[in-house]
Amino acid sequence: MSDKPISAEEKRSTGRLVQPSLVLSTFAVQPHGILIGLLLVDIALAFGVPVGVAGQIRTISYVVSVIIGLLMGVLSIRFRHKSLLVMGLLFLSISALGCALAPSFIAMLMLFSIWGVALAMVSPMGLTLTGEHFPQEKRASVIGWITAGGAISYVVGAPAIGFIAGFGGWRMPFLGFILPVSLLGLLLAIKGVPNSPSIRQSALSMGDYLAGFKGVFSNRSADACLAGSAFSTAAWAAIITYAPSFYRQRFLFSTGVASAFMLVAASCYTLGSVISGRFVRRFGRKPPTVLAALFAGIFTVLYTLLPDVWLSAIASFLACLFGGMRVTASNSLTLEQVPKFRGTMMSISSAATNLGSSLGAGVGGLALLLF
């Protein structure tokens, strides 16, 4: 199905703030996860629960994200995509404020889960709006910067969260960093992203809502994109979840060195995200997606097997570089699969990606226990 061409008037109406708005939205949705990775022990001590139990905060959030992601496949048919993006950023702000004030672990669990709702809304709507407001030849570049926004959040957010926590404990980064960034993303999205009409103006029947899911799942190419995203993300979890612990245990990295390692890894991921757009424009969407996924997988395996710390680190950085390239190319490919139901397609893709993250972290942890 071909895309409806974007007119010159529509291109002018896009405005200069659309891309920065979408990049900042992606940036804003990441620090919750960064904070859990850095300060999980502190949170567990504060509420008097084991670290393993406290770690379920993130797991439950991903489960919520998968469920809401599927629901978004319906909501994206009924409501404006900008409205859903703004609502997601509002949920993000509520979660940040609530977590900072959480009086108990159960409250923390519930309030942090709102981040899962925001994750399921912000990420797919940012990509969907890219398809609405940018011509096809520019989308890969914009998606590259949106993907890079998530990686830059690690580069900036990890040291900022650690620094702020050093003065005020684990609650303070929610108030001093995550909440302001979330509110800034909310305000910029309201101002910078143009309004677009909802897909349907008349009353919708159940058949109308199911049409989006049918359009996606009856498309073999779309199904392949969803499966590829889920499995590739599961493999990527081997780095994002376990690499710092791997280097601390096997090569005796200190916490500071492990943090520096993650900054370099995030920078490589950012670089891969940005340059991937050029390869997509030159070679199309499918070849860069397949090759980047292949090389990311190869280097992910290699970093655990190489006996030399420098060779292992280089393999990790290359895995991050190709991982960033894979995400940009994959999102570009997925975005073009079912243009008529783009919001539904990207919402289901987000659910598949979050499912892959959960499975990858879980299977990786089981493998560590068994082997």
Side-chain angles (χ1 to χ4, degrees), residues 13-35 65 72 76 80-97 99-100 114-134 138-161 163-164 173-196 263 266-267 269-274 276-277 324 327-328 331-332 335 343 346-347 350 353-354:
S13 68
T14 297
R16 296 180 178 180
L17 290 179
V18 178
Q19 182 171 330
S21 299
L22 300 180
V23 173
L24 182 59
S25 296
T26 306
F27 180 99
V29 84
Q30 298 300 326
H32 273 73
I34 298 172
L35 184 144
S65 183
M72 283 290 292
S76 63
R80 292 181 176 88
H81 299 142
K82 175 186 174 178
S83 299
L84 295 172
L85 174 68
V86 169
M87 186 60 66
L89 291 167
L90 179 60
F91 279 129
L92 193 66
S93 303
I94 292 172
S95 177
L97 179 61
C99 289
I114 299 176
W115 172 63
V117 178
L119 188 64
M121 299 180 77
V122 172
S123 300
M125 289 304 101
L127 294 170
T128 301
L129 288 164
T130 300
E132 287 186 2
H133 294 296
F134 292 93
K138 292 185 178 181
R139 289 174 193 163
S141 177
V142 175
I143 290 173
W145 281 106
I146 291 174
T147 304
I152 294 172
S153 183
Y154 278 81
V155 176
V156 176
I161 289 171
F163 178 78
I164 296 172
F174 279 111
L175 294 175
F177 181 76
I178 298 178
L179 181 59
V181 170
S182 301
L183 291 174
L184 181 60
L186 174 63
L187 294 175
L188 192 59
I190 293 173
K191 179 177 176 59
V193 180
N195 286 309
S196 55
L263 290 178
S267 299
Y269 185 92
T270 303
L271 177 62
S273 303
V274 174
S276 181
V327 172
T328 295
N331 283 331
S332 300
L335 189 65
M346 300 315 297
S347 297
S350 176
T353 297
N354 290 327

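In this structure, the separation between CZ on Arg139 and OG1 on Thr130 is 9.0 Å, given to the nearest 0.5 Å. Here CG of Leu127 is found 6.5 Å from CG of Leu335. Values are rounded to the nearest 0.5 Å. Remark: Ser76 OG to Leu84 CG distance equals 7.0 Å, nearest 0.5 Å. If you take CG on Leu89 and CE on Met121, they are separated by 9.0 Å, rounding to the nearest 0.5 Å. We find the CG-OG distance between Leu85 and Ser123 to be 9.5 Å, quoted to the nearest 0.5 Å.
Counting heavy atoms from C-beta on, the side chains of Leu90 and Ile94 come closer than 4.5 Å. Looking at Lys82 and Glu132, their side chains never come closer than 4.5 Å, going by heavy atoms from C-beta outward. Looking at heavy atoms from C-beta onward, Phe91 lies out of side-chain contact with Val122 at the 4.5 angstrom threshold. The shortest side-chain heavy-atom distance between Val18 and Phe134 falls under the 4.5 Å cut-off.
Shown here are the side-chain contact (heavy atoms from CB on, under 4.5 Å) partners of Pro124, two or more places apart in sequence or in another chain: Met346, Ser347, Ser350. In this structure Ser21 satisfies the side chain to side chain donor-acceptor pair (under 3.5 Å) test with no other residue, sequence neighbours excluded. Taking Ser95 as the reference, His32, Cys99, Ile114, Trp115 meet the side-chain contact (heavy atoms from CB on, under 4.5 Å) condition, with sequence neighbours excluded. Every residue meeting the side-chain contact (heavy atoms from CB on, under 4.5 Å) condition with Ser65, not counting sequence neighbours, appears here in chain and number order: Leu119, Ala120, Asn354.
When all heavy atoms of Tyr154 and Ala266 are compared, the pair lying nearest together is CB-CB, 3.9 Å.
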Run the side-chain donor-acceptor check on residues 145-152: report pairs under 3.5 Å with partners two or more places apart or on a different chain.
{"from": "Thr147", "atom 1": "OG1", "to": "Ile143", "atom 2": "O", "distance (Å)": "2.9"}

Quiz: residues 174-191 side-chain donor-acceptor pairs under 3.5 angstrom, not counting sequence neighbours:
{"from": "Ser182", "atom 1": "OG", "to": "Ile178", "atom 2": "O", "distance (Å)": "2.8"}

- Query: Given Val327 and Asn331, is the side-chain contact (heavy atoms from CB on, under 4.5 Å) satisfied, shown in steps?
  - Reply: CA-CA 6 Å; Val327 172; Asn331 283 331; 3.4 Å; yes
- Any chance you could lay out the side-chain contact (heavy atoms from CB on, under 4.5 Å) test for Val155 and Ser267, step after step, and finish with the verdict? CA-CA 7 Å; Val155 176; Ser267 299; 3.9 Å; yes
